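Here's the structure we're looking at; comments come further down.
Sequential numbering from 1 along the given sequence is applied to the chain's residues. Values in this document were obtained by computation on a predicted structure and should not be read as measured data. The figures here come from the full heavy-atom set of this structure, side chains too, leaving out hydrogens, waters and symmetry mates.
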Amino acid sequence: MLNFSRWAIFAIILPLAIGVLCAIPSFLPDATVAHLPRFMQTRVNLGLDLSGGSHLLLEASTQDVAKQRLTNMEEQVRTELRRGDPRIAIGDISARDGKLSFMVRDPSQVDAAVERIRPLTQGAGLTGQRDFNVEVVNSSTIVITPTEAGIKNAVKSAMEVSTEVIRRRIDEMGTREPTIQQQGDNRIVVQVPGLQDPKALKALLGQTAKLEFKLVDTTANPSEVAQGRAPVGSEVLPYVNNPSGVPFIAVKRQVMVSGEDLTDATQGYDQSNQAIVNIRFNSSGGRKFGQVTSQNVNRPFAIILDGKVLSAPNINEPILGGSAQVSGSFTVESANQLAIALRSGKLPVNFVVVEERTVGPGLGADSIRAGLIASVVAVVAVALFMFVSYGRFGMYANLAVAINVLVILGVMGILGATLTLPGIAGFVLTIGTAVDANVLIYERIREERRRGRNVVAAIEHGYKEASRTIFEANVTHAIAGGIMLALGSGPVKGFAIVLLIGIATSVFTAVTFTRMVVANWVRRTRPTDIHI
């Protein structure tokens with residue numbers, strides 16, 4: 001137990017030295033850290049409650065997911081039936097009551113149409129169900145109905161994509177270390193340290209950025225459009241800046257070009273010095289945009305963002321070259337936000353803010369100050385107690401605690417973990433419990449000495465017998481911390497992270513490191529008695 005080879009000593013000191021080294025940048029100014037080697041730029045991130053910032057809880061609309069799936073299926077059905085051989089002619093597709101329905105003009109082609117449509121449906125996860133049911137009604141009408149399993153699977157996929165899109169949008173703002181995580185089935189928590197004004201963040205995240213170009217239905221009756229009714233195959237959308245004075249307009253439901261074909265979007269100015277967004281399509285989008293504008297010269301073309309018409313200019317000539325401009329009474333700020341949203345990709349679902357909090361930097365500074373005071377008081381009190389109670393061995397325990405604190409910070413820096421106010425509470429708890437292992441060991445050594453064992457035998461038995469109790473006690477702590485990490489969120493998860501790291505490092509420093517130090521002292525001094 002007290003024999004340590006050079007390799008064993010090296011294996012103990014090396015990880016502790018790396019942990020302490022990685023903790024140092026957390027105490028240095030930003031300017032100094034920037035000049036350090038890249039592997040040394042590991043710092044503990046301060047959470048929202050310590051550095052201040054904004055907290056938003058976003059909730060997705062599952063109805064929007066279902067509606068978008070129907071729209072996508074409608075486009076796929078049109079394309080599949082039109083390009084197949086032979087071509088299958090159908091009437092206008094109706095999207096009502098959450099279903100798609102259309103009539104096949106030639107009744108003899110109904111079965112062929114069903115066979116072409118079925119491959120467009122997919123399995124809904126592991127449920128064994130399809131995401132759409134396809135059935136024939138009245139011998140010539142095909143009805144496509146989304147299944148519940150398909151909707152649930154679509155919502156899950158939409159939330160995963162939304163989390164990544166939100167992350168890209170916040171990164172575009174230049175904000176460091178945001179916390180973005182899914183909560184439940186349809187909510188996302190967004191915490192951005194250092195951002196005191198959440199208005200811009202809410203505007204950016206509240207924008208789906210679903211950009212579409214559709215033809216205006218010029219055959220629609222204006223009076224019916226004003227009442228929200230449109231011909232079959234068209235839909236009525238809000239149009240605030242409509243020159244006719246009616247805040248609605250009828251457009252074809254078929255999307256001619258979508259924002260998915262965009263490669264870039266930047267804020268700019270038009271000839272009247274009004275803020276606009278310059279967009280550029282990829283080769284496929286540019287080709288479709290040029291083809292649509294060539295075939296529809298002198299017809300109005302609606303530019304739609306998130307279900308609202310920004311403008312409906314007339315196509316005076318084909319727009320070639322793969323670029324266009326989006327205008328709509330933008331300010332410079334709103335145009336820049338739209339450009340960011342379009343560059344980062346569209347959100348597959350609409351979100352609403354259901355909870356909002358703002359933490360001031362002053363409150364965060366007070367929290368750090370209070371946490372530091374609590375930590376210092378805890379360290380001093382524990383150190384004094386250990387020194388008074390165990391003398392030299394108490395000093396070894398104090399050294400282990402000091403190294404343990406630095407190693408925790410180093411590990412958090414390596415993992416990119418975020419320190420929150422509950423995390424500081426975890427630190428204080430770790431400091432108090434870190435010496436528990438040493439107390440158990442030293443009391444066992446006392447007991448072995450009282451039984452008449454010599455110094456070396458007492459120390460060996462003390463470490464050996466106490467280690468079992470130490471490991472068992474910390475396993476129960478680790479189980480509790482693991483449950484908090486798996487099921488908790490936000491502050492609870494921050495506390496669990498510090499607790500779990502602290503358990504691992506405190507056991508290593510209290511048992512292995514102090515045993516190495518004690519063994520080295522025994523070999524050097526050969527004591528005939530010890531005073532604990």
Answer yes when [X] and [Y] have at least one side-chain N-carboxylate O distance shorter than 4.0 Å, and no when they do not.
X: K156; Y: D185; result: no
X: R450; Y: E447; result: no
X: R468; Y: E472; result: no
X: D529; Y: R449; result: yes

Using a 3.5 Å distance criterion without hydrogens, assess whether the side chain of [X] forms a donor-acceptor pair with backbone atoms of [Y].
X: N404; Y: S506; answer: yes
X: E443; Y: I445; answer: no
X: N398; Y: G394; answer: yes
X: S389; Y: M386; answer: no
X: N474; Y: I503; answer: no
X: Y442; Y: F393; answer: yes
X: T505; Y: G502; answer: yes
X: R280; Y: A265; answer: no

So, for [X] and [Y], which heavy atoms are closest and what is the spacing to 0.1 Å?
X: R444; Y: G462; value: CG-CA, 3.6 Å
X: A158; Y: V65; value: CB-CG2, 4.3 Å
X: V277; Y: A335; value: CG2-O, 3.5 Å
X: Q267; Y: A275; value: NE2-CB, 4.1 Å
X: I188; Y: M159; value: CG1-CE, 3.5 Å

ask   = Side-chain contact, heavy-atom cut-off 4.5 Å: P527 with W521?
value = yes

CG (L500) and CG (L485) are apart, to the nearest 0.5 Å, by 6.0 Å

dist Y463:OH -> L440:CG (nearest 0.5 Å) comes out at 12.0 Å

So does R6 have more than 12 non-hydrogen atoms from other groups sitting under 6.0 Å from CZ?
no

side-chain contact (heavy atoms from CB on, under 4.5 Å) test vs L14 passes for just one of I18, L16, I12, namely I18

Exercise. Between the side chains of H461 and E448, does any donor sit under 3.5 Å from an acceptor?
Worked result: no

